[in-house]
There are 2 protein chains.
Amino acid sequence: MATLSDVARRAGVSPATASRVINGSSKPVTDELRERVLAAVAELQYVPNAHAQLLARSHRSAVGVIVHDVSDPYFAEITRGLQRVATDQGRLLMICNSYRDPDRELEYVELLRGHQVAALILAGSGYHDDAFTRQLNEKLAAYEATGGRVAVIGRHEHSGDAVMPDNRTGGYLAGRELCGLGHRAIGVVAGPRILTTTTDRLAGLRQALAEQGHDLPERRIRYAEFDRDGGAEAAARLLDADPELTAIMALNDSMAIGALATLRARSLAVPHRVSVVGFDDMPIARDVTPALTTVRLPLVDMGVRAMSLVLGAPAPAPRVEVLPAELIRRDTAGPAPDARRDTAGSAPRARRGDTAL
Amino acid sequence: MATLSDVARRAGVSPATASRVINGSSKPVTDELRERVLAAVAELQYVPNAHAQLLARSHRSAVGVIVHDVSDPYFAEITRGLQRVATDQGRLLMICNSYRDPDRELEYVELLRGHQVAALILAGSGYHDDAFTRQLNEKLAAYEATGGRVAVIGRHEHSGDAVMPDNRTGGYLAGRELCGLGHRAIGVVAGPRILTTTTDRLAGLRQALAEQGHDLPERRIRYAEFDRDGGAEAAARLLDADPELTAIMALNDSMAIGALATLRARSLAVPHRVSVVGFDDMPIARDVTPALTTVRLPLVDMGVRAMSLVLGAPAPAPRVEVLPAELIRRDTAGPAPDARRDTAGSAPRARRGDTAL
DNA sequence: TACCGCAGAGAAAGCCCTTTCCCGCAGGGA
DNA sequence: TCCCTGCGGGAAAGGGCTTTCTCTGCGGTA
């Protein structure tokens, strides 16, 4: 690889001058030298060594992001929001997938710190794991102590700036909807127990049921991976144990899609025999058939906010922005089969407009 | 941030010794000093400056990847394959999204070169744009001249190692299937004209139709963005122009899903009134209803191969690995409405097993 | 006892840039 | 004519790490 001094030598100038030309320094350089340098750069196909630059320059510019999995639509949307703000400010993003492995998360914090990122954003559920939480907080504190900025999305265990989707209210809205439709035998297809997202959403759901005088026994909950196959599997276990279920609440949309696959395989009509409600409103939710009734989270906005927090002026006290959840009624949630008798003859709810195109 | 010499000072050793302990150098260090260094590292929460390390070390280890968009399932799958091999070999991946912008692609090649990556992988369709192709090849050649390794996935314009999905045969298989089902009025929902993937798939399709004595007039093709909304829009334009279409070939699954949305909005039954065939077999294809008939590409394997090429021993001559496409029959392609009369009474094809769970 | 070899530690030379500091020179004012 | 100013350029000092080279002191052999 050609180096700066190769360029300087070829142009017959000092490395200092070459550097100034290449970086558009404010220090003036005569046109003749400038041209010679530029010509040398082109001839040698010179590209500055980014590591040497970052070492020599003092200011840090890149931002590190740790998500569970960018290819998961939930994180893809959040990342889109992060990216938008970062790009506007000319920041490079380093994105790392933890695949929900706490140890890997810790490692990535170190890695990104080592890469001298100006800020760090952790997105995705926290863990019910005190030892881990403590370690993470220590590492983040150490990072912040050296001037690094930190924000988290969707995890309350960190004491700094945070953007929090209102998971609990989301669960509540879904629960209220299902209760309102007359469902009593509601099964829950849940993500891993250890995730705070799981327990928060569950808590909201439980509260909604409690308000109607119902409870949510553990036997009506199945914990599995937070993805399509996990949802399919959990739904199957749920139905095996309790064939009379009239509704399934899936704690995210991927799981809901898996649950729909299970119901289809068992020829249980949705929503006539079993209703399904998802969570997150990922883009694909409107494209499955029937279109998925779900709880929308402003995912892109969550990313935008988090990046803005971290790139904006630091605050004296930690800021927490709670973003609202919203119920999106589509076609997978209908009246409970026995409740339907009361409203006999009423056709299943017409397809919602937002599913067309 | 604490530096290595901070650690050394605190441990009462030289930076050289500290470095040796921290990196597990083969040079022996007495246990006592080792412990002192480790203690200092822990107390200072020391993390080595990655840029300084990369600058000081001679060997390059990271691998750069340029894709159109990782959050697109097509690339997410490929990336999964890349990641698998890279992780096995302890390589870090730097992934960049070009968002199908050739200029950005060029910039990223420079960026990654600047970051001293050991290899570069470009995934995703090439462009029908000679100026761009020439520039890219120049840059890649310059990079290879300095010892960098390069592989491309799905683009034939680069002269080096390549992994090529058999887009043309895939198009051919889809075309033969539709012809076999009696379709003659076939519309195509195509990606951007400028992408070689579009033209390759189209060429295969055209060939299949030609073998049956049919042609594919331009008025039956609509070009749009290679995503869900592009597919929805193109399908709408296609149906507006020619309401008698009995089949739609979408040049990727995202577009197929958009086309299904349009058909649903217009109450055109799939596959009874209109058949749809997609391309790629992304994971979601089996979960839409009806499940999508499509052409499968071994996406993960493509990633695995490309990374293996680039991390393995260099070959004297460029290698091209062509990976086969395979037709996956599910539920969106059925007999053409007029052909159906011939097989009157035959129920629509039973749901394929692979859609259950 | 003299010498050799080696283990274990440190000194110092890079790796490739950026940027401050300094120098020479030409032009303008006194 | 002399001095000051300011412009354009180069020298050199880092930035934080790795690694080679060098040095010291010890045990072992002849």
Side-chain angles (χ1 to χ4, degrees), chain A residues 1-38 40-41 44-62 110-118 146-147, chain B residues 1-38 40-41 44-62 110-118 146-147:
Chain A
M1 286 275 298
T3 72
L4 184 66
S5 44
D6 294 334
V7 171
R9 202 173 315 120
R10 178 156 195 136
V13 300
S14 72
T17 302
S19 171
R20 290 198 262 259
V21 170
I22 291 169
N23 296 300
S25 148
S26 61
K27 186 141 193 183
V29 175
T30 50
D31 284 347
E32 198 213 320
L33 293 197
R34 172 182 312 281
E35 304 239 315
R36 295 219 309 259
V37 170
L38 260 17
V41 166
L44 296 174
Q45 293 253 37
Y46 170 72
V47 179
N49 182 321
H51 301 299
Q53 280 187 318
L54 261 45
L55 189 57
R57 286 204 244 269
S58 49
H59 66 268
R60 336 228 147 282
S61 144
E110 304 256 285
L111 181 91
L112 291 170
R113 206 149 82 87
H115 277 267
Q116 312 298 114
V117 293
T146 63
Chain B
M1 288 272 299
T3 72
L4 183 65
S5 42
D6 293 334
V7 171
R9 201 172 317 120
R10 179 160 196 133
V13 302
S14 71
T17 302
S19 170
R20 290 197 263 260
V21 170
I22 290 168
N23 297 300
S25 147
S26 61
K27 188 141 190 184
V29 174
T30 50
D31 284 346
E32 199 213 320
L33 292 196
R34 173 182 312 283
E35 305 239 316
R36 294 218 310 258
V37 170
L38 260 18
V41 166
L44 296 174
Q45 293 253 37
Y46 170 72
V47 179
N49 181 319
H51 300 299
Q53 280 187 317
L54 261 46
L55 189 56
R57 287 204 243 268
S58 49
H59 65 267
R60 336 227 147 282
S61 145
E110 303 258 285
L111 181 91
L112 291 169
R113 207 149 83 87
H115 276 266
Q116 311 300 112
V117 293
T146 63

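In the text below, chain A, chain B and the rest are named by the order of the sequence lines, each starting its count at 1.
- A donor-acceptor pair is defined here as one N or O able to donate and one able to accept, closer than 3.5 Å; such a pair exists between the side chain of B:Ser14 and the backbone of B:Thr17.
- Distance CG (B:Leu54) to P (D:dT18): 10 Å, rounded to an integer number of Å.
- Across the protein-nucleic acid pair, A:Leu4 atom CG and D:dA11 atom P stand 13 Å apart, rounded to whole Å.
- Atom-to-atom, CZ of B:Arg57 to C1' of D:dG16 comes out at 12 Å; the value is rounded to the nearest Å.
- When the P atom of D:dG14 is taken as reference, atom CD of A:Gln53 falls 21 Å away, rounded to whole Å.
- With rounding to the nearest 0.5 Å, the separation of CG in B:Leu4 from CZ in B:Arg9 is 10.0 Å.
- Within the nucleic acid shown, A:Leu33 comes within 4.0 Å of sugar-phosphate atoms alone, with no base atom in reach, counting heavy atoms only.
- One finds a side-chain N or O of B:Thr17 lying less than 4.0 angstrom from the OP1 or OP2 phosphate oxygen of C:dG10.
- Put simply, CG on A:Leu55 is 17 Å from P on C:dG14, counting in whole angstrom units.
- Here the nucleotide nearest the side chain of B:Asn49, chosen from D:dG16, C:dT18, D:dA11, is D:dG16.
- Here the CD-CD distance, from A:Glu110 to B:Gln45, works out to 7.5 Å after rounding to the nearest 0.5 Å.
- Between D:dT18 and B:Asn23, a contact under 4.0 Å exists linking OP1 or OP2 to a side-chain N or O.
- Whole-Å rounding puts the A:Ile22 CD1 to C:dC16 P distance at 14 Å.
- Listed candidates were C:dG10, D:dG14, D:dC17. Nearest to the side chain of B:Lys27 is C:dG10.
- The side chain of B:Ala16 lies closest to D:dT19 when the candidates are D:dT22, D:dA11, D:dT19.
- Whole-Å rounding puts the B:His51 NE2 to D:dC17 P distance at 12 Å.
- Here A:Ser19 lies in heavy-atom contact (under 4.0 Å) with a base.
- Sequence order on DNA chain D of the closest nucleotides to B:Arg20 and B:Ala52 puts B:Ala52 first from the 5' end.
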Quick one, A:Arg10 with A:Leu44, criterion side chain to side chain contact (heavy atoms under 4.5 Å, CB included). Give me CA distance, side-chain angles, the key distance, then yes/no. CA-CA 9 Å; A:Arg10 178 156 195 136; A:Leu44 296 174; 3.7 Å; yes

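- Contact annotation: B:Thr30 side-chain N/O to C:dA9 OP1/OP2 distance is under 4.0 Å.
- Distances shown here put a side-chain N or O of A:Tyr46 below 4.0 Å from the OP1 or OP2 atom of C:dC17.
- With the nearest nucleotide of DNA chain C identified for both A:Thr3 and B:Pro15, B:Pro15 has the one nearer the 5' end.
- The NE2 atom of B:His115 sits 7.5 Å away from atom NE2 of B:His51, with the distance rounded to the nearest 0.5 Å.
- One interatomic measurement links the two molecules: CG of A:Asp31 to P of D:dC7, which rounds to 16 Å at whole-angstrom precision.
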